[in-house]
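Written below as structure tokens is the structure these notes are about.
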Amino acid sequence: MIRLKNEKQIDGIRKSCKVLSAMYRELIPQVKPGVQTIDIDFWVRDWIKKAGGKPVFLGYCPKKKPYPAAICISINEEVIHGIPSKRRIREGDLVSLDCGINLDGFISDQAVSIEAGRVSGDVRKLNTVTMECLYKGIEAVKAGDRLLQISRAVEGHAKANGYGIVEDFCGHGVGFELHEDPHVPNYPHGSNPKLKNGMVFAIEPMINMGGADVEILDDEWTIVTADEKISAHWEHTVAIFNDKTEILTEPLEQFIFL
Ligand code: MF3
Ligand code: CO
């Protein structure tokens, strides 16, 4: 069931999204070679607490093992749900960050992929195209149109560049909970509801330099590419209201592609 949001509720989700993006603006310059990913997690927990919010991912438990951190940090062939650890970021890594905040009961969700130091031309291209896939998807969000138009737009741009599209994970409704209906896949698949005023969802292309297939590591969370090629991930929370599409989280690419 898709839970539509009224204007006041969208105001609350927007606030949560703005706080999340403000956190990222401070965090992004710190994601550099030599930094341990666990230290990023501690910083994020502290920042969210000081902002009066709660980290939504911490303790999130859709399966056996609760997610143990406030942020997902997925490096190179890790696609999503990488767990912060003593691992140090290295020059040339593609570091995907994914975080959500609960602010006064309203949930936000945003992800970006950051280039640590200088990355190869191939990695830069994958990262740029994945970010473009996100915006192509958002451009396809039109009240009265159908949801899978978003999926077609994302898929079209990824395929035109010869990349693999992760099929096992997708975007989702968000706002009252982290994962609500509808599914927002990155290729046309499954239900195709009409896009309506009051819908709030996360669009999140996960795009691979190689094939689409992914595997899960023994930690029961980290998703990696089966062929161990690099993967990128970009995500915004968007809302449809008064027949207009609004990106509730804020653009961060100007802090990444310097
Ligand atoms: N942002 C992720 C998503 O959109 C959620 C991460 S799952 C968690 O699905 F367990 F890490 F919270
Ligand atoms: Co999400």
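Computed from a predicted structure; not experimentally measured. Whatever order the structure lists ligands and atoms in, that order sets their numbers, starting from 1.
Sparse packing is recorded around NZ of K50, with 12 or fewer heavy atoms of other residues, nucleotides or ligands lying under 6.0 Å away. The neighbour count for R3 CZ, taken as heavy atoms of other residues, nucleotides or ligands under 6.0 Å away, is above 12. Around the NZ atom of K86, the shell of radius 6.0 Å holds no more than 12 heavy atoms that belong to other residues, nucleotides or ligands. Heavy atoms from other residues, nucleotides or ligands lying under 6.0 Å from CD of E220 number more than 12. Other residues, nucleotides and ligands place more than 12 heavy atoms under 6.0 Å from the NZ atom of K5.
Taking a cutoff of 4.0 Å between a charged side-chain nitrogen and a carboxylate oxygen, D11 and K15 do not qualify as a salt bridge.
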Original post:
Is there a side-chain contact (heavy atoms from CB on, under 4.5 Å) between T237 and I247 once you walk through the steps?
Top reply: CA-CA 6 Å; T237 297; I247 309 178; over 6 Å; no

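Note: H179 and Y60 have perpendicular aromatic rings, judged against thresholds of 30 and 60 degrees for the angle between ring planes.
For a heavy-atom separation below 4.0 Å, the residues in contact with ligand 1 are F57, Y60, Y67, C72, H81, D98, D109, H172, L178, H179, E204, W221, E235.
Each protein N/O/S atom under 2.8 Å from the Co ion (ligand 2) was counted, for a total of 4.
Here the closest non-hydrogen pair linking P84 and Y67 is CD-OH, 3.5 Å.
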